[in-house]
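A short write-up of the structure that comes next.
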Amino acid sequence: MPKHKSRTLGDHALAPETLMMGYGYDPALSEGAIKAPIFQASTFVFKSAQDGKRFFEVAYGLREQDPNEALGLIYSRINNPNLEILEDRLAVWDEADKALAFSSGMAAISTAAYALSRPGDTVLYTAPAYGGTEYLFDRILPRYGVTAHAIPAGAGPAALRDAMIAAAAEAAGRGGRLAAVFVETPANPTNELVDIAQAARDIAALGQAERPLLAVDNTFLGPMWQRPLQLGADLALYSLTKYVGGHSDLIAGACIGRAEPMAKIAEMRTICGSMTDPHTAWLLTRSLETLHLRMERSQANAVTLAERLAEHPKVQDVLTAGGASASDDQRRIFAEQCTGPGSTLSIRLPGGEAEAFRFLDSLTLFKLAVSLGGSESLASHPSSMTHSDYSPEAKARCGIGDNLVRLSVGIENVEDLWVDLGQALKAV
């Protein structure tokens with residue numbers, strides 16, 4: 001399908017927020033409609049039998065795609081105009097070779113994990129991570145002969161390097177390999193950072209015949225405040241449900257990265273059928289047009305609230321990426337790889353679950369719900385909700401106490417949000 005794909009105006013390189021308004025879409029192909037319509041179709045008509053043959057040859061990897069050849073439309077499990085426009089624009093933000101959209105963030109993570117690992121392999125990941133991610137690694141992948149090991153996100157670059165060496169040696173001992181290092185940074189919900197560039201260098205230094213891939217869950221800060229691929233990562237993973245979708249009205253995910261691993265993941269997505277649907281892709285394309293505005297506003301609100309919460313007598317600690325309570329090494333990592341702290345933060349309250357629940361139940365503008373990155377502000381209790389399947393030992397190791405509350409700050413008036421937090425803190 002021919003597309004409008006110019007990223008420049010003369011010699012001037014256009015910014016991502018400008019490209020979100022039209023990149024990858026030609027109105028002439030849709031009766032001049034300024035916005036892409038929803039292509040709610042399961043299958044597409046070939047102009048000739050020869051076209052159908054050529055399209056399938058490329059789609060199923062029977063031959064290499066010619067440099068100037070567009071992948072023809074076949075079937076919406078494989079490709080769809082809305083899907084292609086969305087993926088073109090997602091790739092712009094991360095300056096990636098390829099982007100793939102999925103039916104959820106977990107569909108993106110699991111499809112990538114299945115595509116890149118095989119029995120006998122090991123996957124190393126940083127914890128805490130999203131609960132579904134840890135469940136996949138710890139409980140699902142072992143059923144298929146893949147071993148997973150966790151390393152605390154805040155342990156530091158040296159500890160992660162040593163864990164890579166140990167995991168690679170263990171896998172080699174049983175005839176496997178270290179297939180991937182999965183990093184969630186900032187960590188959910190503690191906002192601890194992992195040094196992406198150093199992890200990439202340490203992976204390269206392993207000298208394994210098949211270099212392990214570095215995959216980064218960039219949901220908390222991406223794609224505006226952190227660019228993993230520019231720091232040496234192979235893949236960036238997203239729950240598009242969060243900031244990219246931004247309105248708490250859809251479920252979707254993405255995997256974005258280098259051409260070689262993305263080809264394997266695309267193959268697995270085609271066969272597993274884990275792509276997103278045309279309507280959701282259309283909604284995401286709409287949301288990308290205001291992504292920078294929403295993320296800028298929500299981050300500005302969060303920075304203001306974090307500063308005030310740090311001074312409140314009923315708040316023991318405020319956890320932000322590279323924030324005031326972070327270690328010197330954490331602040332170094334933040335300065336080197338992040339351009340902003342984002343708008344998801346956590347606070348520790350005096351007491352335990354009872355005090356945290358009293359605070360949560362007293363909130364009015366902050367809605368008591370899981371998820372993050374929406375236009376509205378949300379609050380949740382990780383220990384009993386998103387990370388409830390963690391053992392007490394794992395919670396203690398990861399710093400997820402019963403007194404921890406996670407806040408996702410939205411785009412409301414910041415003074416109104418502060419009043420809401422203040423009145424809820426009185427209940428603690």
Side-chain angles (χ1 to χ4, degrees), residues 104-107 109-110 125-140 150 152-153 184-192 217 219-220 238-243 245-253 298 302 305-306 309 315-321 342-410 417 420-421 424-425 427-428:
S104 69
M106 280 310 304
I109 293 168
S110 59
Y125 71 95
T126 57
Y130 176 64
T133 301
E134 295 215 16
Y135 196 102
L136 170 71
F137 289 159
D138 291 344
R139 305 192 192 188
I140 304 297
E184 183 174 309
T185 182
N188 179 11
T190 58
N191 269 319
E192 291 169 304
D217 187 329
T219 297
F220 264 40
Y238 292 93
S239 170
L240 298 178
T241 309
K242 312 302 193 288
Y243 291 102
H247 295 80
S248 300
D249 58 2
L250 59 84
I251 301 289
S298 61
L305 295 179
L309 286 167
V315 176
Q316 291 183 339
D317 199 6
V318 179
L319 307 180
T320 58
S343 58
T344 300
L345 58 104
S346 292
I347 59 175
R348 290 193 173 105
L349 301 171
E353 183 180 281
E355 288 73 20
F357 280 15
R358 205 170 295 135
F359 169 77
L360 289 166
D361 289 341
S362 299
L363 290 168
T364 299
L365 299 179
F366 279 82
K367 305 305 180 187
L368 181 52
V370 296
S371 197
L372 55 98
S375 53
E376 70 291 309
S377 294
L378 302 176
S380 63
H381 187 249
S383 180
S384 66
M385 297 175 187
T386 53
H387 295 70
S388 58
D389 64 333
Y390 276 37
S391 67
E393 295 76 21
K395 289 180 184 179
R397 186 170 59 251
C398 294
I400 305 175
D402 289 339
N403 65 338
L404 186 75
V405 170
R406 191 184 73 182
L407 302 174
S408 171
V409 181
L417 294 176
D420 192 30
L421 292 173
L425 285 167
V428 178

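Just so it is clear, the values below take in all heavy atoms, side chains as well, and ignore hydrogens, waters and symmetry mates.
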Open item on the list: So which atom in Leu407 and which in Ile347 form the shortest heavy-atom distance, rounded to 0.1 Å?
Closed with: CD1-CD1, 4.4 Å

TODO: Evaluate side chain to side chain contact (heavy atoms under 4.5 Å, CB included) for Lys367 paired with Leu378, printing each intermediate quantity in order.
DONE: CA-CA 5 Å; Lys367 305 305 180 187; Leu378 302 176; 3.8 Å; yes

Open item on the list: Can you give me the closest heavy-atom contact between Glu353 and Ser384, atom names plus distance?
Closed with: OE1-CB, 4.3 Å

- [ ] Return yes if a side-chain donor-acceptor contact under 3.5 Å exists between Ser248 and Glu376, otherwise no.
- [x] yes

Open item on the list: On a heavy-atom basis, which atom in Gly131 and which in His387 lie closest, and how many Å separate them?
Closed with: N-NE2, 4.5 Å

Open item on the list: Could you measure the distance from the OG1 atom of Thr126 to the CD atom of Glu134? Nearest 0.5 Å is fine.
Closed with: 8.5 Å

- [ ] Measure across Leu372 and Ser408 and return the closest heavy-atom pair with its distance rounded to 0.1 Å.
- [x] CA-OG, 3.4 Å

Task: Any side-chain donor near an acceptor of the partner, Tyr125 and Asp138, under 3.5 Å - done: yes

Open item on the list: Using a 6.0 Å cut-off, check whether atom OH of Tyr390 has over 12 heavy atoms from anything other than its own residue.
Closed with: yes

Task: Any donor-acceptor N or O pair under 3.5 Å, side chains Thr320, Asn191 - done: no

Open item on the list: Restricting to non-hydrogen atoms, name the atom on Leu349 and the atom on Glu355 that form the minimum distance, rounded to 0.1 Å.
Closed with: CD1-O, 4.4 Å

Task: Shortest non-hydrogen contact between Asp402 and Ser383, atoms and distance - done: OD1-OG, 2.8 Å

